[in-house]
A.B. asks: 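Okay, here's the structure, questions in a sec.
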Amino acid sequence: MPTISFANPKGGAGKTTSALLLASELTTKGARVAIIDADPEKWISGWAELPGKPDNLTIYSDVSEDSIVDLMEAAASKAQFVIVDLEGTASLMVANAIGMSDLVLIPTQGASMDAKGAAKTIKLIRNQARMARRKIPHSVLLTRTSAAVTSRSLRNVRDQLSNAGIKVLTSSIVERAAYRDIFDYGGLLSDLDTSQVSNLERAIQNAREFAGDVITTLQEKEVVGKEV
Ligand SMILES: Nc1ncnc2c1ncn2[C@@H]1O[C@H](COP(=O)(O)OP(=O)(O)OP(=O)(O)O)[C@@H](O)[C@H]1O
Ligand SMILES: [Mg+2]
């Protein structure tokens with residue numbers, strides 16, 4: 001079943017946050033989801049130890065450069081979606097994971113535009129695709145964008161990437177307190193308390209749109225069927 005990896009050698013680009021949001025949305029819809037936690041900080045494994053992890057979500061925490069290919073294969077044979085949260089470096093483990101992925105999302109901070117990290121990842125994806133003699137669908141995912149301004153600079157970033165032939169996912173991940181809070185409190189966005197977390201409904205809506213765009217991309221690339 002489809003494997004979606006989050007890669008960008010730039011630290012703090014939003015890989016872990018976006019990976020958990022996607023897993024959260026897919027499990028809410030009832031899908032069996034596996035996350036391979038290849039981030040050395042192990043944020044998602046830590047989150048899974050807090051109360052509220054859904055039963056249809058499995059976390060694989062013990063991952064190494066040697067084991068990642070086996071693990072991705074095993075996870076894909078059991079889960080309906082496999083999500084891989086990669087480390088913030090360009091390592092052999094990252095290259096292996098990219099080589100095994102059906103879709104690579106490249107979280108890139110909208111405001112500061114971690115263009116170098118994104119460019120490095122795209123190069124790595126293209127090399128892996130050549131070695132494997134297949135296409136590896138990939139897309140930049142703009143993260144930590146400002147809710148207040150649908151800024152001209154963000155449109156500029158999108159335009160620049162499109163002009164360079166780089167696909168950018170339609171929705172971006174907005175900067176939201178709720179996306180930090182789930183790591184502190186555990187559970188899913190819908191488990192947070194609307195009276196305690198500002199703009200929770202909008203955060204949930206944004207995560208839903210993002211997951212919808214990922215599914216649409218997988219369908220466009222014919223990785224999954226239209227019935228998903
Ligand atoms: N959309 C967002 N809204 C609010 N906070 C965010 C958002 N995205 C990321 N953050 C915060 O920014 C920090 C870095 O994000 P995250 O850990 O997701 O990045 P990363 O790419 O996985 O980093 P690393 O390379 O270190 O693994 C975290 O403290 C996270 O809570
Ligand atoms: Mg991370």
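Start at 1 and go down the list; that is how both ligands and their atoms are numbered. All values reported here derive from a predicted model rather than from experimental measurement. Side chains included, hydrogens not; waters and symmetry mates left out as well; all remaining heavy atoms used.
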A.B. asks: Go through ligand 1 atom by atom and flag the ones less than 4.0 Å from a non-hydrogen atom of Ile173.
C.D. replies: 1 (N)
A.B. asks: Which residue owns the protein heavy atom closest to atom 25 (O) of ligand 1, what's the atom, and how far is it?
C.D. replies: Lys15 NZ, 2.8 Å
A.B. asks: Taking non-hydrogen atoms only, is Val174 closer than 4.0 angstrom to ligand 1 via side chain, backbone, both or neither?
C.D. replies: backbone
A.B. asks: Does Lys78 offer a backbone N or O that forms a donor-acceptor pair with the side chain of Arg32 under 3.5 Å?
C.D. replies: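 Yes, because the side chain of Arg32 sits within donor-acceptor range (under 3.5 Å) of the backbone of Lys78.
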A.B. asks: Mark yes or no for whether Glu175, through its side chain, and Thr145, through its backbone, hold a donor-acceptor pair below 3.5 Å.
C.D. replies: no
A.B. asks: Should the proximity of Arg176 to ligand 1, defined as any heavy atom under 4.0 Å, be assigned to the side chain, the backbone, both, or neither?
C.D. replies: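 Near ligand 1, Arg176 shows its backbone, while the atoms from C-beta on stay back.
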A.B. asks: Please list the nearest protein heavy atom to atom 5 (N) of ligand 1 with its residue and the distance rounded to 0.1 Å.
C.D. replies: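 So the nearest neighbour among protein heavy atoms is Arg180 NH1, 3.0 Å.
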A.B. asks: Taking Asp39's backbone N and O only, do any of them form a donor-acceptor pair with Asp85's side chain (distance below 3.5 Å, no angle check)?
C.D. replies: no
A.B. asks: Where is the nearest protein heavy atom to atom 14 (C) of ligand 1: which residue, which atom, and how far?
C.D. replies: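 Result for atom 14 (C) of ligand 1: Gly12 CA, 3.7 Å.
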A.B. asks: When you compare ligand 1 with Leu86, is there at least one nitrogen or oxygen pair between them that comes in under 3.5 angstrom?
C.D. replies: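 N/O-N/O distance under 3.5 Å: no.
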A.B. asks: Roughly how far, to the nearest 0.5 Å, is the OH atom of Tyr60 from the CD1 atom of Ile36?
C.D. replies: 7.0 Å
A.B. asks: I'd like to know if the side chain of Asp184 reaches the main chain of Asp181, judged simply by a donor and an acceptor atom lying under 3.5 Å from each other, with no hydrogens or angles considered.
C.D. replies: no
A.B. asks: Under the 3.5 angstrom rule, does the side chain of Thr17 hit a backbone N or O of Gly14 as a donor-acceptor pair?
C.D. replies: no
A.B. asks: So, is Asp39 polar-close to ligand 1, with some N/O to N/O distance under 3.5 Å?
C.D. replies: yes
A.B. asks: Is it true that some N/O/S atom of Glu41, main chain or side chain, lies under 2.8 Å from the Mg ion (ligand 2)?
C.D. replies: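 Given the 2.8 Å cut-off, Glu41 does not count as a ligand of the Mg ion (ligand 2).
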A.B. asks: Heavy-atom distances under 4.0 Å are what count here, so tell me which part of Thr17 touches ligand 1: side chain, backbone, both or neither.
C.D. replies: both
A.B. asks: Taking Lys15 for the side chain and Lys10 for the main chain, is one N or O donor matched with an acceptor at less than 3.5 Å?
C.D. replies: yes
A.B. asks: Identify, for atom 19 (O) of ligand 1, the protein heavy atom at the shortest distance, and state residue, atom and that distance.
C.D. replies: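 In this structure, atom 19 (O) of ligand 1 has Gly14 N, 3.0 Å as its nearest protein heavy atom.
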A.B. asks: For atom 28 (C) of ligand 1, is some protein heavy-atom partner under 4.0 Å away?
C.D. replies: no
A.B. asks: Any idea which N/O/S atom from Asp39 gets closest to the Mg ion (ligand 2)?
C.D. replies: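 Nearest N/O/S atom: OD2.
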A.B. asks: Are Thr143 and ligand 1 in contact, using a heavy-atom cut-off of under 4.0 Å?
C.D. replies: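 It does not; every heavy atom stays at 4.0 Å or beyond.
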A.B. asks: For the Mg ion (ligand 2), does an N/O/S atom of Thr16 lie at less than 2.8 Å?
C.D. replies: yes
A.B. asks: Would one find an N or O of Thr16, backbone or side chain, under 3.5 Å from an N or O of ligand 1?
C.D. replies: yes
A.B. asks: Tell me the closest heavy-atom pair linking Leu189 and Leu200, and the distance in Å.
C.D. replies: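 What the structure gives for the nearest pair is O-CD1, 3.7 Å.
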A.B. asks: If the contact criterion is a heavy-atom separation under 4.0 Å, does Ala13 count as touching ligand 1?
C.D. replies: yes
A.B. asks: How many angstroms lie between atom CZ of Phe6 and atom OG of Ser101, to the nearest 0.5 angstrom?
C.D. replies: 10.5 Å
A.B. asks: Under 3.5 Å, is there a donor-acceptor pair between the side chain of Glu209 and the main chain of Ser172?
C.D. replies: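 Pair absent, no side-chain N/O of Glu209 close to backbone of Ser172.
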A.B. asks: Students should be able to answer this: which protein heavy-atom is nearest to atom 6 (C) of ligand 1, and at what distance?
C.D. replies: Arg144 NE, 3.6 Å
A.B. asks: For the CZ atom of Arg155 and the CZ atom of Arg158, what is their distance to the nearest 0.5 Å?
C.D. replies: 10.5 Å
